Colleague: 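Here it is: the structure, laid out below.
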Amino acid sequence: MQKKSIKQIHQKLHHWYAQYGRHDLPWRHTEDPYHIYISEIMLQQTQVKTVLERYYFPFLEQFPSLTALANAPLDEVLKAWEGLGYYTRAKNLHHCANAAKPTLPTTFDSLVQLPGIGENTASAICAFAYKQPLAVMEANVKRILSRIFALKTPQKVQLQQLANQLLDKENPYDYNQAIMDIGSMVCTVKSPDCAVCPYASICLAREQNDFDYPEKKKKTVPTREDIIMIESQDNAVYMRQREGKFLHGLWGFESMKEGYEEMTYLGTVTQSYTHFTYKAKVYHDNAPKQKDRFFTKKEIAQLALSGVDKKVIKLLEKNKIL
DNA sequence: CATGCGTGGTT
DNA sequence: TAACCAAGCAT
(Lines give C-alpha, C1' and ligand atoms only; values in the text may rest on other atoms or scores of the structure.)
Protein backbone atom coordinates (compact mmCIF):
# COMPACT_ATOMS: atom_id res chain seq x y z
CA MET A 1 0.00 0.00 0.00
CA GLN A 2 1.15 3.54 -0.77
CA LYS A 3 2.55 5.59 2.09
CA LYS A 4 0.41 8.47 0.95
CA SER A 5 -2.83 6.53 1.28
CA ILE A 6 -1.77 5.20 4.67
CA LYS A 7 -1.19 8.75 5.83
CA GLN A 8 -4.65 9.71 4.57
CA ILE A 9 -6.14 6.82 6.50
CA HIS A 10 -4.36 7.99 9.64
CA GLN A 11 -5.82 11.46 9.19
CA LYS A 12 -9.33 10.14 8.67
CA LEU A 13 -8.99 7.78 11.62
CA HIS A 14 -7.64 10.52 13.85
CA HIS A 15 -10.47 12.81 12.86
CA TRP A 16 -13.09 10.15 13.49
CA TYR A 17 -11.53 9.26 16.85
CA ALA A 18 -11.42 12.87 18.02
CA GLN A 19 -15.14 13.21 17.39
CA TYR A 20 -16.59 9.79 18.20
CA GLY A 21 -13.98 7.86 20.22
CA ARG A 22 -14.78 6.47 23.67
CA HIS A 23 -12.78 9.13 25.49
CA ASP A 24 -14.62 8.54 28.74
CA LEU A 25 -13.05 5.15 29.44
CA PRO A 26 -11.14 5.55 32.73
CA TRP A 27 -8.09 3.57 31.60
CA ARG A 28 -7.62 6.25 28.95
CA HIS A 29 -7.25 8.83 31.70
CA THR A 30 -4.33 7.33 33.56
CA GLU A 31 -0.63 7.02 32.94
CA ASP A 32 -0.19 4.45 35.69
CA PRO A 33 1.08 1.24 34.04
CA TYR A 34 -0.50 -0.80 36.84
CA HIS A 35 -3.96 0.62 36.14
CA ILE A 36 -3.53 0.01 32.42
CA TYR A 37 -2.28 -3.51 33.08
CA ILE A 38 -5.32 -4.32 35.24
CA SER A 39 -7.68 -2.97 32.58
CA GLU A 40 -5.99 -5.02 29.85
CA ILE A 41 -6.23 -8.26 31.82
CA MET A 42 -9.87 -7.63 32.78
CA LEU A 43 -10.75 -6.83 29.18
CA GLN A 44 -9.43 -10.13 27.82
CA GLN A 45 -12.49 -11.81 26.27
CA THR A 46 -14.66 -9.58 28.41
CA GLN A 47 -16.93 -6.75 27.38
CA VAL A 48 -16.02 -3.15 28.19
CA LYS A 49 -19.36 -2.63 29.89
CA THR A 50 -18.82 -5.43 32.40
CA VAL A 51 -15.33 -4.24 33.34
CA LEU A 52 -16.37 -0.61 33.51
CA GLU A 53 -19.52 -1.01 35.57
CA ARG A 54 -18.60 -3.80 37.95
CA TYR A 55 -14.91 -4.55 38.31
CA TYR A 56 -12.35 -1.88 37.36
CA PHE A 57 -12.95 0.67 40.10
CA PRO A 58 -13.63 -1.73 42.99
CA PHE A 59 -10.55 -3.78 42.15
CA LEU A 60 -8.26 -0.75 42.06
CA GLU A 61 -9.73 0.55 45.27
CA GLN A 62 -9.06 -2.75 46.99
CA PHE A 63 -5.63 -3.21 45.42
CA PRO A 64 -4.37 0.32 44.66
CA SER A 65 -0.84 -0.63 43.60
CA LEU A 66 1.17 -3.53 42.27
CA THR A 67 2.73 -3.94 45.71
CA ALA A 68 -0.65 -3.89 47.43
CA LEU A 69 -1.82 -6.61 45.05
CA ALA A 70 1.32 -8.64 45.70
CA ASN A 71 0.87 -8.42 49.47
CA ALA A 72 -2.80 -9.43 49.43
CA PRO A 73 -3.79 -13.09 49.91
CA LEU A 74 -4.63 -14.84 46.63
CA ASP A 75 -8.09 -15.69 47.96
CA GLU A 76 -8.89 -11.99 48.28
CA VAL A 77 -7.89 -11.42 44.68
CA LEU A 78 -10.04 -14.34 43.56
CA LYS A 79 -12.97 -12.97 45.54
CA ALA A 80 -12.57 -9.60 43.80
CA TRP A 81 -12.53 -11.47 40.47
CA GLU A 82 -15.69 -13.48 41.30
CA GLY A 83 -18.12 -13.45 38.39
CA LEU A 84 -15.63 -12.12 35.86
CA GLY A 85 -14.59 -15.55 34.60
CA TYR A 86 -11.31 -17.05 33.36
CA TYR A 87 -10.00 -17.24 36.89
CA THR A 88 -6.41 -18.08 36.04
CA ARG A 89 -6.24 -14.39 35.16
CA ALA A 90 -6.56 -13.58 38.86
CA LYS A 91 -3.94 -16.11 39.81
CA ASN A 92 -1.57 -14.78 37.14
CA LEU A 93 -2.15 -11.18 38.27
CA HIS A 94 -1.18 -12.10 41.80
CA HIS A 95 1.85 -14.02 40.58
CA CYS A 96 3.00 -11.17 38.32
CA ALA A 97 2.57 -8.63 41.09
CA ASN A 98 4.94 -10.61 43.30
CA ALA A 99 7.39 -11.20 40.47
CA ALA A 100 7.44 -7.62 39.21
CA LYS A 101 6.82 -5.39 42.24
CA PRO A 102 7.21 -2.53 42.78
CA THR A 103 6.82 -1.73 39.06
CA LEU A 104 6.03 -3.55 35.84
CA PRO A 105 8.73 -4.08 33.22
CA THR A 106 8.78 -1.55 30.39
CA THR A 107 9.62 -3.66 27.34
CA PHE A 108 7.54 -6.01 25.19
CA ASP A 109 10.07 -8.83 25.57
CA SER A 110 10.04 -8.78 29.35
CA LEU A 111 6.27 -8.23 29.64
CA VAL A 112 5.41 -11.13 27.34
CA GLN A 113 7.36 -13.51 29.53
CA LEU A 114 5.05 -12.90 32.47
CA PRO A 115 2.15 -15.37 32.90
CA GLY A 116 -1.16 -14.10 31.57
CA ILE A 117 0.50 -11.49 29.38
CA GLY A 118 0.47 -12.60 25.76
CA GLU A 119 1.57 -10.70 22.68
CA ASN A 120 -1.56 -8.59 22.49
CA THR A 121 -1.54 -7.54 26.13
CA ALA A 122 2.20 -6.85 26.03
CA SER A 123 1.71 -4.67 22.95
CA ALA A 124 -1.22 -2.88 24.56
CA ILE A 125 0.71 -2.10 27.75
CA CYS A 126 3.67 -0.85 25.70
CA ALA A 127 1.46 1.32 23.50
CA PHE A 128 -0.85 2.67 26.21
CA ALA A 129 1.41 2.92 29.24
CA TYR A 130 4.74 3.66 27.57
CA LYS A 131 3.66 5.15 24.21
CA GLN A 132 5.78 2.66 22.30
CA PRO A 133 5.01 2.11 18.58
CA LEU A 134 3.53 -1.40 18.76
CA ALA A 135 0.32 -2.57 17.07
CA VAL A 136 -2.31 -4.26 19.23
CA MET A 137 -3.82 -7.35 17.65
CA GLU A 138 -7.12 -8.25 19.28
CA ALA A 139 -10.47 -9.34 17.88
CA ASN A 140 -11.53 -5.93 16.55
CA VAL A 141 -8.26 -5.34 14.76
CA LYS A 142 -8.24 -8.87 13.32
CA ARG A 143 -11.73 -8.37 11.93
CA ILE A 144 -10.92 -4.96 10.45
CA LEU A 145 -7.71 -6.15 8.79
CA SER A 146 -9.36 -9.32 7.51
CA ARG A 147 -12.08 -7.24 5.92
CA ILE A 148 -9.81 -4.58 4.45
CA PHE A 149 -7.67 -7.24 2.76
CA ALA A 150 -10.45 -9.80 2.21
CA LEU A 151 -8.74 -12.57 4.17
CA LYS A 152 -11.10 -15.47 4.91
CA THR A 153 -8.56 -17.50 6.86
CA PRO A 154 -5.75 -15.13 7.77
CA GLN A 155 -2.47 -16.39 9.18
CA LYS A 156 -1.27 -14.85 12.40
CA VAL A 157 2.02 -13.64 10.89
CA GLN A 158 0.23 -12.13 7.93
CA LEU A 159 -2.14 -10.13 10.12
CA GLN A 160 0.70 -8.92 12.32
CA GLN A 161 2.62 -7.66 9.29
CA LEU A 162 -0.41 -5.79 8.00
CA ALA A 163 -1.06 -4.34 11.44
CA ASN A 164 2.53 -3.16 11.66
CA GLN A 165 2.27 -1.53 8.22
CA LEU A 166 -0.93 0.31 9.07
CA LEU A 167 0.20 1.43 12.53
CA ASP A 168 0.68 5.16 12.99
CA LYS A 169 4.10 5.00 14.62
CA GLU A 170 3.96 8.69 15.45
CA ASN A 171 0.80 8.24 17.52
CA PRO A 172 0.61 4.59 18.62
CA TYR A 173 -1.59 5.38 21.61
CA ASP A 174 -4.37 7.13 19.70
CA TYR A 175 -4.05 4.85 16.69
CA ASN A 176 -4.53 1.67 18.70
CA GLN A 177 -7.40 3.07 20.76
CA ALA A 178 -9.01 4.42 17.61
CA ILE A 179 -8.88 1.20 15.61
CA MET A 180 -10.41 -0.70 18.52
CA ASP A 181 -13.19 1.87 18.73
CA ILE A 182 -13.79 1.54 15.00
CA GLY A 183 -14.08 -2.21 15.50
CA SER A 184 -16.59 -1.99 18.31
CA MET A 185 -18.61 0.97 17.00
CA VAL A 186 -18.30 1.04 13.18
CA CYS A 187 -16.84 -2.13 11.69
CA THR A 188 -19.04 -4.32 13.86
CA VAL A 189 -19.54 -8.04 13.37
CA LYS A 190 -23.16 -7.90 12.25
CA SER A 191 -23.74 -4.49 10.67
CA PRO A 192 -20.69 -2.50 9.61
CA ASP A 193 -21.31 1.17 8.87
CA CYS A 194 -18.99 1.78 5.94
CA ALA A 195 -20.36 5.26 5.32
CA VAL A 196 -18.42 6.69 8.26
CA CYS A 197 -15.47 4.28 8.26
CA PRO A 198 -11.99 5.82 7.80
CA TYR A 199 -10.85 2.62 6.09
CA ALA A 200 -13.68 2.54 3.55
CA SER A 201 -11.56 3.75 0.62
CA ILE A 202 -9.19 0.78 0.86
CA CYS A 203 -11.56 -1.94 2.11
CA LEU A 204 -12.06 -4.97 -0.13
CA ALA A 205 -14.93 -6.31 1.95
CA ARG A 206 -16.86 -3.11 1.34
CA GLU A 207 -16.05 -3.34 -2.36
CA GLN A 208 -17.36 -6.91 -2.50
CA ASN A 209 -20.24 -6.27 -0.13
CA ASP A 210 -19.21 -9.41 1.76
CA PHE A 211 -18.31 -8.85 5.40
CA ASP A 212 -17.87 -12.43 6.53
CA TYR A 213 -14.20 -11.95 7.40
CA PRO A 214 -12.53 -13.78 8.92
CA GLU A 215 -14.66 -16.80 8.07
CA LYS A 216 -16.48 -18.16 11.10
CA LYS A 217 -16.27 -21.82 11.96
CA LYS A 218 -19.46 -23.16 13.46
CA LYS A 219 -19.30 -25.66 16.25
CA THR A 220 -21.91 -27.69 18.07
CA VAL A 221 -22.17 -27.05 21.77
CA PRO A 222 -22.17 -30.31 23.76
CA THR A 223 -23.95 -30.85 27.05
CA ARG A 224 -21.89 -31.88 30.07
CA GLU A 225 -23.89 -33.72 32.71
CA ASP A 226 -22.80 -33.98 36.29
CA ILE A 227 -23.88 -35.12 39.73
CA ILE A 228 -23.15 -32.79 42.63
CA MET A 229 -23.14 -34.15 46.15
CA ILE A 230 -23.84 -31.96 49.14
CA GLU A 231 -22.70 -33.11 52.56
CA SER A 232 -24.17 -31.07 55.38
CA GLN A 233 -23.94 -30.87 59.13
CA ASP A 234 -25.61 -28.36 61.45
CA ASN A 235 -26.56 -25.83 58.75
CA ALA A 236 -23.08 -26.00 57.23
CA VAL A 237 -21.91 -27.69 54.05
CA TYR A 238 -18.66 -29.30 52.96
CA MET A 239 -16.80 -27.28 50.34
CA ARG A 240 -13.36 -27.45 48.80
CA GLN A 241 -11.19 -25.20 46.68
CA ARG A 242 -10.79 -26.29 43.06
CA GLU A 243 -7.30 -26.95 41.79
CA GLY A 244 -7.76 -27.79 38.10
CA LYS A 245 -7.90 -25.34 35.23
CA PHE A 246 -11.67 -25.12 35.26
CA LEU A 247 -12.88 -22.51 37.75
CA HIS A 248 -9.40 -22.49 39.21
CA GLY A 249 -9.20 -21.44 42.84
CA LEU A 250 -12.93 -21.09 43.28
CA TRP A 251 -14.76 -22.94 46.03
CA GLY A 252 -17.27 -25.63 45.15
CA PHE A 253 -18.81 -29.01 45.84
CA GLU A 254 -17.83 -32.59 45.08
CA SER A 255 -18.90 -34.29 41.87
CA MET A 256 -19.63 -37.99 41.84
CA LYS A 257 -20.55 -40.67 39.34
CA GLU A 258 -22.24 -43.32 41.46
CA GLY A 259 -23.57 -43.97 44.93
CA TYR A 260 -26.02 -41.10 44.89
CA GLU A 261 -29.13 -43.26 44.42
CA GLU A 262 -29.80 -43.48 48.14
CA MET A 263 -29.44 -39.77 48.73
CA THR A 264 -32.01 -37.01 48.47
CA TYR A 265 -32.46 -35.36 45.10
CA LEU A 266 -32.73 -31.59 45.56
CA GLY A 267 -32.97 -30.31 42.00
CA THR A 268 -31.02 -29.54 38.84
CA VAL A 269 -28.85 -26.54 38.06
CA THR A 270 -27.79 -25.49 34.57
CA GLN A 271 -25.22 -23.08 33.23
CA SER A 272 -24.30 -22.25 29.66
CA TYR A 273 -20.65 -21.81 28.85
CA THR A 274 -19.09 -20.90 25.52
CA HIS A 275 -18.02 -24.44 24.70
CA PHE A 276 -20.62 -26.56 26.47
CA THR A 277 -23.86 -26.53 28.39
CA TYR A 278 -23.53 -27.73 31.95
CA LYS A 279 -26.34 -29.60 33.67
CA ALA A 280 -25.98 -31.01 37.16
CA LYS A 281 -28.33 -32.94 39.43
CA VAL A 282 -27.82 -32.00 43.05
CA TYR A 283 -28.08 -34.66 45.76
CA HIS A 284 -27.95 -34.27 49.51
CA ASP A 285 -26.28 -36.58 52.01
CA ASN A 286 -27.09 -35.69 55.60
CA ALA A 287 -24.89 -38.40 57.06
CA PRO A 288 -21.55 -37.07 55.86
CA LYS A 289 -18.23 -38.83 56.12
CA GLN A 290 -16.23 -35.62 55.75
CA LYS A 291 -14.91 -34.46 59.07
CA ASP A 292 -13.68 -30.94 58.47
CA ARG A 293 -14.20 -27.82 56.38
CA PHE A 294 -17.91 -27.36 56.73
CA PHE A 295 -18.97 -23.81 55.92
CA THR A 296 -21.92 -21.84 57.18
CA LYS A 297 -23.89 -19.44 55.03
CA LYS A 298 -22.00 -16.53 56.53
CA GLU A 299 -18.62 -18.13 55.88
CA ILE A 300 -19.55 -19.03 52.30
CA ALA A 301 -20.23 -15.36 51.60
CA GLN A 302 -16.51 -14.73 52.03
CA LEU A 303 -15.48 -17.38 49.48
CA ALA A 304 -15.12 -16.93 45.73
CA LEU A 305 -17.80 -18.99 43.98
CA SER A 306 -18.71 -19.75 40.38
CA GLY A 307 -22.10 -19.08 38.84
CA VAL A 308 -23.06 -22.75 39.11
CA ASP A 309 -22.16 -23.00 42.75
CA LYS A 310 -24.13 -19.86 43.55
CA LYS A 311 -27.15 -21.57 42.03
CA VAL A 312 -26.47 -24.63 44.15
CA ILE A 313 -26.31 -22.44 47.26
CA LYS A 314 -29.70 -20.98 46.40
CA LEU A 315 -31.07 -24.50 46.06
CA LEU A 316 -29.68 -25.37 49.49
CA GLU A 317 -31.26 -22.30 51.04
CA LYS A 318 -34.57 -23.18 49.45
CA ASN A 319 -34.32 -26.66 50.98
CA LYS A 320 -33.35 -25.18 54.35
CA ILE A 321 -30.02 -26.97 54.38
CA LEU A 322 -28.26 -23.63 54.75
C1' DC B 1 -2.55 -24.79 15.00
C1' DA B 2 -6.75 -26.38 17.78
C1' DT B 3 -8.75 -26.55 22.07
C1' DG B 4 -10.18 -25.33 26.87
C1' DC B 5 -11.17 -21.72 29.73
C1' DG B 6 -16.57 -18.10 32.44
C1' DT B 7 -19.85 -14.97 32.26
C1' DG B 8 -23.09 -11.90 30.44
C1' DG B 9 -24.41 -8.69 26.47
C1' DT B 10 -26.59 -8.52 22.02
C1' DT B 11 -29.46 -9.78 18.25
C1' DT C 1 -34.30 -17.08 21.78
C1' DA C 2 -30.68 -19.82 20.57
C1' DA C 3 -26.50 -18.48 18.84
C1' DC C 4 -22.80 -15.76 18.74
C1' DC C 5 -19.05 -13.71 20.90
C1' DA C 6 -16.36 -9.97 23.74
C1' DA C 7 -9.47 -5.21 24.52
C1' DG C 8 -6.84 -13.49 24.68
C1' DC C 9 -3.74 -16.83 26.87
C1' DA C 10 -1.59 -21.29 27.70
C1' DT C 11 -0.74 -25.67 26.10
Side-chain angles (χ1 to χ4, degrees), chain A residues 21-22 25-28 35-56 78 81-93 95-96 111-129 134-144 153-160 163 173 175-185 187-191 212 214-224 242-250 252 269-278 304-311:
Chain A
R22 294 175 292 182
L25 298 177
W27 43 89
R28 293 183 182 177
H35 290 203
I36 291 166
Y37 166 52
I38 294 300
S39 76
E40 289 301 329
I41 301 299
M42 285 186 172
L43 288 163
Q44 289 171 0
Q45 294 291 282
T46 307
Q47 298 203 337
V48 167
K49 179 174 178 167
T50 303
V51 173
L52 185 61
E53 295 180 357
R54 297 173 50 197
Y55 290 94
Y56 181 73
L78 280 165
W81 208 263
E82 184 182 63
L84 195 50
Y86 290 149
Y87 296 95
T88 55
R89 290 186 291 178
K91 185 190 181 186
N92 288 335
L93 274 178
H95 178 96
C96 288
L111 283 166
V112 82
Q113 286 177 31
L114 293 169
I117 300 183
E119 294 182 18
N120 174 64
T121 301
S123 300
I125 293 172
C126 287
F128 299 143
L134 294 175
V136 301
M137 181 52 71
E138 42 67 79
N140 289 311
V141 179
K142 285 179 188 166
R143 183 174 61 257
I144 292 170
T153 56
Q155 304 276 314
K156 182 185 162 191
V157 185
Q158 186 180 18
L159 281 183
Q160 192 62 56
Y173 184 103
Y175 176 87
N176 281 309
Q177 300 285 17
I179 192 170
M180 286 193 289
D181 281 3
I182 289 288
S184 71
M185 300 166 69
C187 192
T188 60
V189 177
K190 307 248 171 164
S191 56
D212 189 20
E215 201 168 49
K216 293 142 201 143
K217 26 197 162 175
K218 44 203 161 187
K219 288 178 226 168
T220 57
V221 180
T223 297
R224 190 178 294 180
R242 289 187 171 81
E243 292 172 355
K245 289 179 183 172
F246 186 62
L247 301 173
H248 178 90
L250 270 57
V269 294
T270 61
Q271 175 82 22
S272 62
Y273 296 101
T274 303
H275 299 292
F276 58 92
T277 300
Y278 179 82
L305 265 60
S306 72
V308 173
D309 291 313
K310 286 185 177 175
K311 290 176 184 174

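Below, read A as the first sequence line, B as the second, and so on, with proteins coming before strands; counting in each chain starts at 1. What you see is a predicted model; the values in this text were computed from it and never measured.
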Colleague: Between Lys156(A) and Leu305(A), just flag the one whose closest nucleotide in DNA chain B comes earlier from the 5' side.
Modeller: Lys156(A)
Colleague: How would you list, by chain and number, every residue that makes a ring pair (Phe, Tyr, Trp, His ring centres under 6.0 Å) with Phe128(A), sequence neighbours excluded?
Modeller: Tyr173(A)
Colleague: Please give the distance between the P atoms of dT10(B) and dA7(C) as a whole number of Å.
Modeller: 11 Å
Colleague: Taking dC4(C) as the reference, what is the distance to dT3(B) when you measure between their P atoms (whole Å, please)?
Modeller: 16 Å
Colleague: Please tell me which of Gln155(A) and Tyr55(A) maps to the more 5' nucleotide of DNA chain B, matching each residue to the nucleotide holding its nearest heavy atom.
Modeller: Gln155(A)
Colleague: Can you tell me how far C1' in dG8(C) sits from the matching atom in dC1(B), rounded to whole Å?
Modeller: 15 Å
Colleague: Scan the side chains in residues 111-124 of chain A for donor-acceptor partners under 3.5 Å anywhere in the protein, sequence neighbours excluded, and list what turns up.
Modeller:
unit_1: Gln113(A); atom_1: NE2; unit_2: Asp109(A); atom_2: O; d: 3.4
unit_1: Glu119(A); atom_1: OE2; unit_2: Lys156(A); atom_2: NZ; d: 3.3
unit_1: Asn120(A); atom_1: OD1; unit_2: Met137(A); atom_2: N; d: 3.0
unit_1: Thr121(A); atom_1: OG1; unit_2: Gln44(A); atom_2: NE2; d: 3.0
unit_1: Ser123(A); atom_1: OG; unit_2: Glu119(A); atom_2: O; d: 2.8

Colleague: Taking only residues two or more places apart in sequence or in another chain, which ones pass ring pair (Phe, Tyr, Trp, His ring centres under 6.0 Å) with Tyr86(A)?
Modeller: none
Colleague: Once side chain to side chain contact (heavy atoms under 4.5 Å, CB included) is applied, do any residues pair with Arg54(A), and if so which ones, sequence neighbours excluded?
Modeller: Thr50(A)
Colleague: Using the test side chain to side chain contact (heavy atoms under 4.5 Å, CB included), find all partners of Val221(A) that sit at least two apart in sequence or belong to another chain.
Modeller: Thr277(A)
Colleague: For dT1(C) versus dG8(B), give the span between their C1' atoms, rounded off to a whole number of Å.
Modeller: 15 Å
Colleague: Indicate yes or no for a side-chain donor-acceptor contact from His248(A) to the backbone of Glu243(A) under 3.5 Å, with no hydrogens or angles considered.
Modeller: yes
Colleague: Go through DNA chain B in 5' to 3' direction and return only the first and the last nucleotide with some atom under 4.0 Å of chain A's heavy atoms.
Modeller: dC1(B) to dG9(B)
Colleague: Can you list everything that forms a ring pair (Phe, Tyr, Trp, His ring centres under 6.0 Å) with Tyr56(A)? Sequence neighbours excluded, please.
Modeller: Trp27(A)
Colleague: When rounded to the nearest Å, what value does the distance between C1' atoms of dC5(C) and dG4(B) take?
Modeller: 16 Å
Colleague: Please enumerate all residues that pass salt bridge (charged side-chain N to carboxylate O under 4.0 Å, His left out) together with Asp309(A), with sequence neighbours excluded.
Modeller: Arg242(A)
Colleague: Mind checking salt bridge (charged side-chain N to carboxylate O under 4.0 Å, His left out) for Arg224(A) and listing every partner two or more places apart, or none if nothing turns up?
Modeller: none
Colleague: Show me, range against range, the stems involving DNA chain C, built from at least 3 consecutive Watson-Crick or G-U pairs below 3.5 Å.
Modeller: B:2-5 with C:8-11, B:7-11 with C:2-6
Colleague: Treat primed atoms plus P, OP1 and OP2 as sugar-phosphate and everything else as base, then score nucleotides 4-11 of chain C 5' to 3': B for base contact with protein heavy atoms under 4.0 Å, S for sugar-phosphate contact only, - for none.
Modeller: -BBBBSSS
Colleague: Roughly how far, to the nearest 0.5 Å, is CG of Leu134(A) from CD of Gln160(A)?
Modeller: 9.0 Å
Colleague: Who passes salt bridge (charged side-chain N to carboxylate O under 4.0 Å, His left out) against Lys310(A), sequence neighbours left out?
Modeller: Glu82(A)
